[in-house]
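Single-structure report; data block below.
Predicted model only: the values in this text are computed from it and were never measured.
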Amino acid sequence: MSVGAPLFTFGVIADVQYADLEDGSNFARTRTRYYRNSLQLLRKAREHWSGSAVRPEFVLQLGDLIDGFNALHGASRSALDTVLREFRSGVVDEVHHVWGNHELYNFSRGELLTSELNSTLHVKRRLGECCPGADIYAYSFSPQPGFTFIVLDAYDMSLLGLEESSEQYQSALRLIQMYNSHQDLNSPPTPTESEPLLQRYAKFNGGFSQEQLDWLDSVLSSADDRQEKVTIVSHLPVHPDSTDPACLAWNHGALLGLLRRHCSVVLFMAGHDHDGGYCYDSESGVHHLTLAGVIETPPHSQAFGSVAVYPDRMELTGHGRISSQVLNFS
């Protein structure tokens, strides 16, 4: 039991993937996806945050807010409006949206940049540095002195949300085809003894451009100098021990190496892997937390978390499929 009040708290939720559809299954047909019920679980999470004695200062929504099936039914806009209405109904009026693959199934990158899912346009607080890339969705913010949060764009190097004629698309296509020979690039390649993580080279994943990595390096260097504690959020996990290999970012090693060069990072949070995962990287002192997804959470359960931040740690109170744990700062 914690002694004393936290410095601040925040809520976190991942992979809601709402659609006004009957229950379905994942692509392997091994797991049930509760498309309509995901909205009810989001509502219960919002009600919990709204009724908390210490209300979250903000909520991190880790991507895949609506499901790609909405695009097939011409329901992308209406589904997004339905889900965003839930966030507007609570007292937590600051939500930081991360982009996942399902956002890019429903909207082009250009559409997302002008939408409510671009939090830089709608958050009232003064934000920190934004990535200078014209269409890279990455930025930082500080909820309290000494703490910085960084939202990363895990798909600014990908095949999603782009015109096929663009150089960005063609460059990503050349990269993925070096490792994935399937005609359907959503089918992960088979790992080998020398390349045990090849499954990550699938179309539903992506990566971080060099421009974004350089920007992140600069932001973290400044945070190191100020002795801040940094939390990074992304839709895609970057540590192999925190997720299934098929859910890793393409160039996860570059991001992981960057984290290990900076002393300010304490936590990396991601979604995408609906089972969730966790590991502690002793080399960098960074906790890697992957949140279980709402979309595959049965109606009787739940999948969201509340995080209380103290000077020396974060305490995650998990609900349902999310385990509670203490994340001590090194």
When rounded to the nearest 0.5 Å, the distance separating CZ of F204 from CG of L236 is 10.0 Å
Please determine whether a side-chain nitrogen of the Lys or Arg among R77 and D81 lies less than 4.0 Å from a carboxylate oxygen of the Asp or Glu. yes
Would you please name every residue forming a side chain to side chain contact (heavy atoms under 4.5 Å, CB included) with P311, sequence neighbours left out? L7
For D20, which residues count as a salt bridge (Lys or Arg N to Asp or Glu O under 4.0 Å) partner, sequence neighbours excluded? R36
Which Ile, Leu, Val, Met, Phe, Trp or Tyr residues join V230 in one cluster when any pair of side-chain heavy atoms under 4.5 Å counts as a link? I150, L152, F208, L213, W215, L216, V219, L220, I232, V238, L255, L256, L258, L259, V265, F268, V286
Under the salt bridge (Lys or Arg N to Asp or Glu O under 4.0 Å) rule, what do D281 and R260 come out as? Steps first, then yes or no, please. CA-CA 9 Å; D281 183 7; R260 289 170 176 166; 2.8 Å; yes
For D275 and R31, run salt bridge (Lys or Arg N to Asp or Glu O under 4.0 Å): C-alpha distance rounded to whole Å, both residues' side-chain angles, the deciding distance at 0.1 Å, then the answer. CA-CA 11 Å; D275 285 331; R31 307 282 292 274; 2.6 Å; yes
Validation: residues 132-140 side-chain donor-acceptor distances under 3.5 Å, sequence neighbours left out:
from, atom 1, to, atom 2, distance (Å)
Y137, OH, H97, O, 2.7
Y137, OH, L117, O, 3.1
Y137, OH, S119, N, 3.0
Y137, OH, S119, OG, 3.3
Y139, OH, H96, ND1, 2.7
S140, OG, E129, N, 3.0
S140, OG, E129, O, 3.4

Do I176 and L104 share a hydrophobic cluster (ILVMFWY, side-chain heavy atoms under 4.5 Å, transitive)? no
Residues two or more places apart in sequence or in another chain: which of them pass salt bridge (Lys or Arg N to Asp or Glu O under 4.0 Å) with E163? none
Quick note, side chain to side chain donor-acceptor pair (under 3.5 Å) partners involving residues 237-250, not counting sequence neighbours, are T243-D273
Do other residues, nucleotides or ligands put more than 12 heavy atoms under 6.0 Å from Q144 CD? yes
Not counting sequence neighbours, list each pair that qualifies as a salt bridge (Lys or Arg N to Asp or Glu O under 4.0 Å) and has a residue in residues 191-205. none
If you apply the rule side-chain contact (heavy atoms from CB on, under 4.5 Å), what do you find for F69 with Q17, and how did you get there? CA-CA 9 Å; F69 276 129; Q17 286 185 225; over 6 Å; no
Would a single hydrophobic cluster contain both I322 and Y34, if residues Ile, Leu, Val, Met, Phe, Trp and Tyr are joined by side-chain heavy-atom contacts under 4.5 Å? no
With R29 via salt bridge (Lys or Arg N to Asp or Glu O under 4.0 Å) - residues at least two apart: none
Distance-only, no hydrogens or angles: does the T82 side chain make a donor-acceptor pair with backbone N or O of S78 under 3.5 Å? yes
If only atom types and distance count, is the side chain of E296 paired as donor or acceptor with the main-chain N or O of T32 below 3.5 Å? no
Kindly write out the residues that satisfy side-chain hydrogen bond (donor to acceptor under 3.5 Å, both in side chains) with T297, not counting sequence neighbours, or none if the list is empty. R321
If you group Ile, Leu, Val, Met, Phe, Trp and Tyr whenever their side-chain heavy atoms sit less than 4.5 Å apart, what else falls in with L248? L197
Sequence neighbours excluded, the answer for side chain to side chain contact (heavy atoms under 4.5 Å, CB included) partners of S306 is H48, W49, F304, H319
Quick note, salt bridge (Lys or Arg N to Asp or Glu O under 4.0 Å) partners involving residues 104-125, not counting sequence neighbours, are E57-R125, R88-E116, E94-R125, R109-D153
When rounded to the nearest 0.5 angstrom, what is the spacing between CG in L160 and CD in E103? 11.0 Å
